[in-house]
Amino acid sequence: MTTATATTATSDVTDLTDLDADIRRDPAAHRVLTGDRPTGPLHLGHYFGSLRNRVHLQRLGVEMFLVIPDYQVITDRDIADHLAEHTENLVVDYLATGIDADRATIFTHSSVPALNQLLLPFLSLVSVAELHRNPTVKDEIAHSSQATVNGLMLTYPVHQAADILFCKADLVPVGKDQLPHLEVARTVARRFNERYPHPDGTTVFPRPRALLSSAPLLLGTDGGKMSKSRNNSVPLAADEDTTARLIKGAKTDTDRRISYDPAARPEVSNLLLLTALCQDRAPEEVAEEIGDGGAAALKRTATEAVNEHLRPIRARRAELAADRGHIRQVLRAGAERANATADATLTEVRAVMGSL
Ligand code: TRP
């Protein structure tokens, strides 16, 4: 099979550091799409794992689309609580951490109807068995508070394929948990291209690649995965006292000698890593400095490092948060641009499918 867009042998997962030179050579050859569910404030894990990479990619000159997938919120809960508030706060977090709203297209699922039109042909390309096999969906079903599994839970990865494919993104910065969804998007793109080529043999969709962050994963204050919904994260928007309290409450161990050993001492190592990320140095060096100071000294050091690193971001955040009119305007402009792109893709899809 030939695709007009696949120029090199692409693996499905790439590390940003591997791609950096390639992107610098020709940033206009790439398009990034990623997004965050509007279910709560972004935290340090998002910041070091993904927000910083996005800003880096944008500064390299890559066009960026950021989807706020409001329809994904109702996959594992009945009601999307505080949807408008969470959505606006995400935009505030994006802009405060350095995303340029004039160049990035920030939009919600629900403001782009063509995404739902793309969903239908895409669903026809995926089997029910494949929907049931998705490991991330299985995990979410296991952790869901709902008594029954709704249809959207099973089909949202195909909707997510529409998020990615509507703008023909080739790079999708995500965490490891999203890799099964990226695989769905790649499968949909491949099958669509095979089934519905243009008359001249070229194809509609590129094969998107996941872009994994090279930053090691931050754990939550309880030693588990840092997550908005597990109450174990340090939000970007937290004030300095709250940050101190959250880090003070973090799980550690009783060995006073501080050492960086993620396998044997995950919680202590996590605070060292957090400090190191904030100060742009090695966690071993931070451990060396604290020496026999114990968990209390470690937590003081980590708290200072986080508060210092986030101070300018938080100051910008506060300014942005005070101007809701501006935030809504960013979403309006983003929706307009996303709709124009999505409508153009839908027109192309309907043409190759013979609908026009
Ligand atoms: N599923 C992602 C999450 O739970 C959010 C998301 C929706 C997304 N659409 C996307 C991520 C497209 C990357 C690309 O966080």
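We count ligands from 1, going down the list as the structure has it; atoms in each ligand are counted the same way.
- In this structure, F166 and F107 have perpendicular ring planes: the angle between them is above 60°, well past the 30° mark.
- T243 and R314 share a donor-acceptor pair across their side chains, judged by distance under 3.5 Å alone.
- Annotation: ring-ring contact (aromatic ring centres under 6.0 Å, His included) contacts involving residues 267-305, sequence neighbours excluded, are absent.
- With sequence neighbours left out, the salt bridge (charged side-chain N to carboxylate O under 4.0 Å, His left out) criterion links E289 to R281.
- In summary, the side chains of E285 and Q279 do not present any donor paired with an acceptor at a separation below 3.5 Å, with no hydrogens or angles considered.
- A search for salt bridge (charged side-chain N to carboxylate O under 4.0 Å, His left out) contacts involving D70 returns nothing, not counting sequence neighbours.
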Atom pairs and distances, ligand 1 N/O vs protein N/O under 3.5 Å:
{"unit_1": "ligand 1", "atom_1": "1 (N)", "unit_2": "Q72", "atom_2": "OE1", "d": "3.0"}
{"unit_1": "ligand 1", "atom_1": "1 (N)", "unit_2": "Q160", "atom_2": "OE1", "d": "2.9"}
{"unit_1": "ligand 1", "atom_1": "1 (N)", "unit_2": "Q178", "atom_2": "OE1", "d": "2.9"}
{"unit_1": "ligand 1", "atom_1": "4 (O)", "unit_2": "R37", "atom_2": "NE", "d": "2.9"}
{"unit_1": "ligand 1", "atom_1": "9 (N)", "unit_2": "D163", "atom_2": "OD2", "d": "2.7"}

